[in-house]
Amino acid sequence: MEFKETGIRCFLEVPDVISLLNLLFGFLAILMAINNQLSLSATFIILALVFDSVDGWVARKLSRVDKYGFGKNIDSLADVVSFGVAPGILLYSVGTMFSLEIGYLTAIIALFIVICGVLRLTRFNVIADFVDSNAFIGLPIPVTGFLLATFILSGFFNITVAMVLMVIIGVLMISNIKYAKFYHPILLPIIAVLVLLLIIPFPIDFMGMNIPAAILFIITLGYICTGLINHYLP
């Protein structure tokens, strides 16, 4: 590689701009969590996931040839912020609203989430070209942000349950459990509609429960359990 080929314009393409939008909403989610605007923070994490889901699709449609792995790395770095740091800070901000002791505990769990997320993404980048591309090794890091965000928006959030779930997710991210890539032809459009209903400024509530968030939370739990069941009960 010559020096003139090291400029950003030689690497940056349309899918990378979409990855940066993922990063943007992840960063905004952090700011909102710091300001205790928890619902808005959770919504921004979900928006970050929308862009994270789109960038790979766009890259395939454009037949991108990423010789140096620039796209893979920018996507991973954005994911660390949006689905590692942002959920960690959101969990910590929620915890501090209950008590100082819970705040300390959620801070430890938040750090655990970030460390496991970095380890999981680094391993993914290392082994991506050498393992079965039809499955993830370890729980994908976006599940961390999506599960916590939908739980907070659902209307039945419980801080103890949230802390336990985040610890479990951290362990699953660095595990060797295989998780299928999500391409279900029927469930995927339903999830897309539910996400759209969740991010519009007119919540669909029933008895204090946000219906789209609750359904998405349950679907995400189901995905997590499916990997465990397939691993331990083949």
Side-chain angles (χ1 to χ4, degrees), residues 6-35 37 40-62 64-93 110-129 133 136-150 152 166 169-170 172-174 179 181-183 191-192 195-196 198-199 216 220 223:
T6 60
I8 287 296
R9 66 181 180 275
C10 298
F11 299 96
L12 193 66
E13 297 188 24
V14 173
D16 305 321
V17 175
I18 298 174
S19 294
L20 289 175
L21 289 172
N22 165 11
L23 174 66
L24 181 149
F25 280 104
F27 181 71
L28 289 176
I30 293 170
L31 294 183
M32 295 304 103
I34 292 172
N35 290 328
Q37 299 184 50
L40 192 54
S41 176
T43 302
F44 282 154
I45 289 175
I46 291 171
L47 283 169
L49 179 59
V50 171
F51 287 107
D52 181 55
S53 303
V54 171
D55 59 4
W57 178 82
V58 171
R60 289 189 295 272
K61 288 297 181 181
L62 296 177
R64 179 184 187 178
V65 178
D66 191 11
K67 183 168 66 171
Y68 298 110
F70 185 83
K72 179 174 65 177
N73 283 283
I74 196 172
D75 180 63
S76 293
L77 290 169
D79 285 356
V80 168
V81 174
S82 298
F83 312 120
V85 179
I89 292 178
L90 178 56
L91 180 67
Y92 169 71
S93 296
L111 179 59
F112 179 68
I113 291 170
V114 174
I115 291 172
C116 290
V118 169
L119 290 173
R120 192 246 178 264
L121 288 167
T122 304
R123 179 179 63 179
F124 172 78
N125 287 348
V126 170
I127 69 175
D129 296 329
S133 61
F136 295 110
I137 305 299
L139 189 68
I141 189 173
V143 175
T144 306
F146 196 67
L147 186 71
L148 182 62
T150 53
I152 287 174
M166 290 300 103
I169 282 181
L172 290 177
M173 280 195 290
I174 58 175
Y179 279 90
K181 294 187 177 180
F182 203 84
Y183 296 126
I191 291 174
V195 168
L196 180 62
L198 186 58
I199 61 180
L216 288 169
T220 309
Y223 176 72

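One is the number of the first residue; the rest follow in order along the sequence.
Residues passing the side-chain hydrogen bond (donor to acceptor under 3.5 Å, both in side chains) test with T144, sequence neighbours excluded: none. Considering only residues two or more places apart in sequence or on other chains, F51 meets the ring pair (Phe, Tyr, Trp, His ring centres under 6.0 Å) condition with F25. Applying the ring pair (Phe, Tyr, Trp, His ring centres under 6.0 Å) criterion to F27, with sequence neighbours excluded, gives no partner residue. The side-chain hydrogen bond (donor to acceptor under 3.5 Å, both in side chains) check on S76 picks up N125, with sequence neighbours excluded. Taking the side-chain hydrogen bond (donor to acceptor under 3.5 Å, both in side chains) definition, one finds that D79 meets it with N22, sequence neighbours left out.
Here the closest heavy-atom approach between residue L91 and residue M166 is recorded as CD2-CG, 3.9 Å. Taking every heavy atom of both residues into account, C116 and M173 meet most closely at CB-CE, 3.9 Å. Residues Y179 and P140 share a closest heavy-atom pair of CB-CD, 4.2 Å. Of all heavy-atom pairs between I30 and A86, the closest is CG1-CA, 3.6 Å. Contact detail for V143 and L139: the closest heavy-atom pair is CG1-CD2, 3.9 Å.
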List, one per line, each side-chain donor-acceptor pair under 3.5 Å for residues 40-49, sequence neighbours excluded.
residue : atom : partner : partner atom : Å
S41     : OG   : A29     : O            : 2.7
T43     : OG1  : S39     : O            : 2.9

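A distance-only check finds no donor-acceptor pair linking the side chain of R120 to the backbone of G170 [under 3.5 Å]. Under a 3.5 Å cut-off, the side chain of D16 and the backbone N or O of E13 do form a donor-acceptor pair.
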message: Under the criterion side chain to side chain contact (heavy atoms under 4.5 Å, CB included), I'd like the reasoning laid out for D55 against V58: C-alpha separation, chi angles, the key distance, then a yes or no.
response: CA-CA 5 Å; D55 59 4; V58 171; 5.8 Å; no
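F146 is listed as a side-chain neighbour of L216, based on a closest heavy-atom distance under 4.5 Å.
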